[in-house]
Amino acid sequence: MKQSTKYMMSDGLAFSEKRDLKRLQKKSKEGWHLFSFLPMGYNLQKGEPKELQYSVDYRHLQDGEDQEYFELFEMAGWNHVCSEVGIHFFVAPMGTQPIYTDVESQIDKVQRLSKNVYMTAVFFVLMTVVSYFVSELTTGIVSSIFHYILLASEVFTIPCLMMVASLLYRKWVKKS
Amino acid sequence: MKSLEQLTDSVFYIMAALVQPKHGYAVMALVEKETGGEFTIGPATLYTIIKKLLNENLIFLHDESNPRRKVYALTEKGHHILVKDIERRKTMLSLAERELRGGNAE
């Protein structure tokens, strides 16, 4: 039986939104279309090869906001593909006007994405600092437990800080 | 809300369109038609600005009986700010037009 779905790794939306969207576009041209996504990648489904473009928006929709939001995109030619934790993917035929047409709203968009990343980064930095001190100041089993928590926190802290750096850079590029 | 201190073109068009109550898509369509497609407002930009204008009390929810097409309209405060920005833009235009005609005789 022929494979009908496949998985494509993401380079991380905070780092390479544009590159991810271009890769999705290329995959559609080969007949593999986005249908859902996970934090680390995309699920693609086999279909007809098509010239399509993708866009992503970040917004936590409150109850009752989603209908209006998706309607606006649809009327502008952008079909909603999938959403997860405030991240929304849209697809449209080539030549459709972009979803963002001004710089100010694009800066707001990066800001909304940044807020979650900053909060996560602060959490892991605190975890790292606290577990470092607890493991240093205690002995025996408590010390070794916190030593492992420290190692685990570091694993998350470093990518978080890289994301923060990347987002600050993106904001700076948009503003200048 | 930096972009609301001085209205950007997108904010200006959206506020002008909402002098008469309209839903979001009608705003996009009106601007595109009136400018002959010269100026377009993307859905994400429109949604961002609508939320911002609501937050700043420059527009209000006029009718939400259709959740897919909520209708908004300018508030009194919005009206005032729009008129002020029209004046600012008039100054810009008259300066440019005067200079193009050869400026003031010195």
Side-chain angles (χ1 to χ4, degrees), chain A residues 13 17-18 21 53-81 83 86-115 170-172 174-176, chain B residues 1-18 21-33 35-56 58-73 85:
Chain A
L13 279 173
E17 183 187 305
K18 251 191 209 150
L21 296 174
Q53 51 175 337
Y54 290 87
S55 279
V56 64
D57 194 20
Y58 312 104
R59 183 177 287 283
H60 282 286
L61 295 168
Q62 311 291 322
D63 277 344
E65 285 186 337
D66 49 343
Q67 290 192 46
E68 181 193 25
Y69 177 73
F70 293 128
E71 168 89 358
L72 279 179
F73 280 78
E74 210 168 289
M75 295 308 285
W78 288 93
N79 282 315
H80 176 227
V81 183
S83 296
I87 304 174
H88 313 282
F89 278 90
F90 299 91
V91 67
M94 298 304 285
T96 308
Q97 293 287 339
I99 63 168
Y100 281 97
T101 46
D102 67 332
V103 182
E104 291 79 11
S105 304
Q106 277 177 54
I107 293 173
D108 288 355
K109 170 191 176 184
V110 180
Q111 220 127 25
R112 281 196 303 278
L113 173 66
S114 310
K115 231 162 98 185
R170 266 170 69 178
K171 243 187 280 181
W172 177 74
K174 284 260 186 277
K175 277 183 184 166
S176 56
Chain B
M1 298 292 148
K2 205 174 152 225
S3 66
L4 294 186
E5 283 160 22
Q6 202 175 71
L7 306 186
T8 65
D9 288 354
S10 300
V11 175
F12 184 88
Y13 274 126
I14 292 168
M15 287 178 69
L18 290 176
K22 264 177 207 68
H23 58 75
Y25 176 64
V27 172
M28 285 200 269
L30 176 79
V31 172
E32 193 164 346
K33 189 177 139 239
T35 63
E38 193 75 15
F39 196 92
T40 54
I41 298 172
T45 285
L46 179 66
Y47 197 83
T48 306
I49 292 174
I50 285 179
K51 286 287 158 194
K52 221 183 233 189
L53 292 173
L54 279 172
N55 263 336
E56 299 280 307
L58 301 184
I59 61 172
F60 69 101
L61 193 51
H62 183 265
D63 179 7
E64 52 179 332
S65 55
N66 181 352
R68 297 177 70 86
R69 298 192 170 186
K70 294 182 185 165
V71 175
Y72 304 95
D85 207 71

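All values below come from the heavy atoms of this structure, side chains included, with hydrogens, waters and symmetry mates left out. In what follows, chains carry the letters A, B, and so on, assigned in the order in which the sequence lines appear, proteins first and then strands, with residues in each chain numbered from 1.
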- Task: Flag the pair B:Thr45 / A:Ile99 as yes when at least one side-chain heavy-atom distance between them is below 4.5 Å, and no otherwise.
- Result: no

- Message: So which atom in A:Leu72 and which in B:Leu46 form the shortest heavy-atom distance, rounded to 0.1 Å?
- Response: CD2-CD2, 3.7 Å

- Derivation and outcome, side-chain contact (heavy atoms from CB on, under 4.5 Å), residues A:Glu71 and B:His23: CA-CA 11 Å; A:Glu71 168 89 358; B:His23 58 75; over 6 Å; no

- Message: So, taking the atom named OH in B:Tyr25 and the one named CZ in A:Phe73, what distance separates them when rounded to the nearest 0.5 Å?
- Response: 14.5 Å

- Message: Please classify the contact between B:Thr40 and chain A as side chain, backbone, both or neither, with a heavy-atom cut-off of under 4.5 Å.
- Response: both

- Measure B:Arg68 against the heavy atoms of chain A and call it side chain, backbone, both or neither at under 4.5 Å. both

- Considering non-hydrogen atoms only, spot the tightest contact between A:Pro98 and B:Pro43 and give its length. O-CD, 4.2 Å

- Task: For the residue pair B:Thr48 and A:Gln106, establish whether any side-chain heavy-atom pair is separated by less than 4.5 Å.
- Result: no

- Message: Rounded to the nearest 0.5 Å, what separates atom CG in A:Asp57 from atom OH in B:Tyr47?
- Response: 10.0 Å

- Query: Which residues, numbered in order, of residues 61-69 of chain A come under 4.5 angstrom of chain B by heavy-atom distance?
  - Reply: A:Leu61, A:Gly64, A:Glu65, A:Gln67, A:Glu68, A:Tyr69

- Item | Under 4.5 Å from any heavy atom of chain B - which part of A:Asp102 | both

- Message: So B:Met28 and A:Gln97, do their side chains get closer than 4.5 Å, heavy atoms only?
- Response: no

